[in-house]
Protein chains: 2
Amino acid sequence: MENKAVLSEKFDLFDETWTPKIIAELNGQYVKLAKFKGEMVWHSHENEDEYFQVVKGQITIHLRDRDVVLNEGECFVVPMGVEHKPSAQEEAHVLMFEPKQTGHTGNDQTELTVAVEEQEWI
Amino acid sequence: MENKAVLSEKFDLFDETWTPKIIAELNGQYVKLAKFKGEMVWHSHENEDEYFQVVKGQITIHLRDRDVVLNEGECFVVPMGVEHKPSAQEEAHVLMFEPKQTGHTGNDQTELTVAVEEQEWI
């Protein structure tokens with residue numbers, strides 16, 4: 001990241017939902033942006049915690065025992081090993097921090113899965 | 001982080017400037033919030049990249065060869081080893097993402113330095 005990133009401009013660069021794009025790398029972690037709409041699949045990450053910060057809109061992180069609703073300017077960490085299913089009724093813009101090796105559907109290969117090595121920089 | 005964090009509420013919990021507060025931990029990294037006003041000191045971090053995201057207001061990250069001005073919704077990574085001096089003309093609210101061991105004045109002990117082990121959770 002030689003130059004600053006303007007988050008709203010970065011979100012304008014893609015339309016796909018559930019397809020995280022990488023905007024920065026630091027200390028073996030990626031900063032990623034994703035558009036959420038509808039329902040993701042239930043999954044967990046065996047060895048990685050995952051940070052969600054809502055930049056625009058509202059999302060729900062479904063956990064097996066409760067739902068966490070996040071609005072703009074709110075954040076939450078899903079600890080490693082915890083099953084979760086993100087969803088959003090309307091399109092929402094989300095910033096995530098994750099280790100470079102984190103797949104967005106965790107240990108599970110699903111029809112929504114984008115392989116880590118195919119995740120795009122924008 | 002068992003519950004979500006509402007960033008604006010977290011920023012209401014403290015007044016000090018240049019005193020990062022920890023709000024979340026993931027994968028050996030901390031998410032920290034700080035209020036910037038005035039000028040920090042020049043410093044660098046030998047082994048750590050540092051991520052700055054402006055939540056409110058405007059900051060400038062002075063580098064030796066240029067200035068990077070960040071407004072709300074903009075972010076920037078200062079790579080390890082790169083000297084920098086943050087500043088803000090008016091109070092600004094900043095989210096940072098750093099390894100747990102990162103001191104906020106880098107390798108330098110200054111009158112602004114808060115020891116890593118004294119950095120507070122909020």
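For clarity, every value in this text was computed on a predicted model and none was experimentally measured.
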For the residue pair B:K4 and A:F76, would you count it as a cation-pi contact if the rule is NZ or CZ under 6.0 angstrom from the ring centre and within 45 degrees of the ring axis?
no

When hydrophobic residues are tied together by side-chain contacts of less than 4.5 Å, even through go-betweens, does A:V94 share a cluster with A:V41?
yes

Go through the atoms of A:Q29 and report whether side chain, backbone, both or neither lie under 4.5 Å from a heavy atom of chain B.
side chain

Ring centres of B:F52 and B:F97 under 6.0 Å apart?
no

Contact class of A:V78 relative to chain B, heavy atoms under 4.5 angstrom
neither

Check whether A:V6 gets within reach of chain B through its side chain, its backbone, both or neither, counting any heavy atom under 4.5 Å.
both

Is it true that the side chains of B:E50 and B:H45 contain a donor and an acceptor less than 3.5 Å apart?
yes

Is any side-chain heavy atom of B:M80 closer than 4.5 Å to one of B:V82?
no

Whatever's closer than 4.5 Å to a heavy atom in chain B on A:L95 counts as side chain

B:Q53 versus chain A, the contacting section by heavy-atom distance below 4.5 Å
side chain

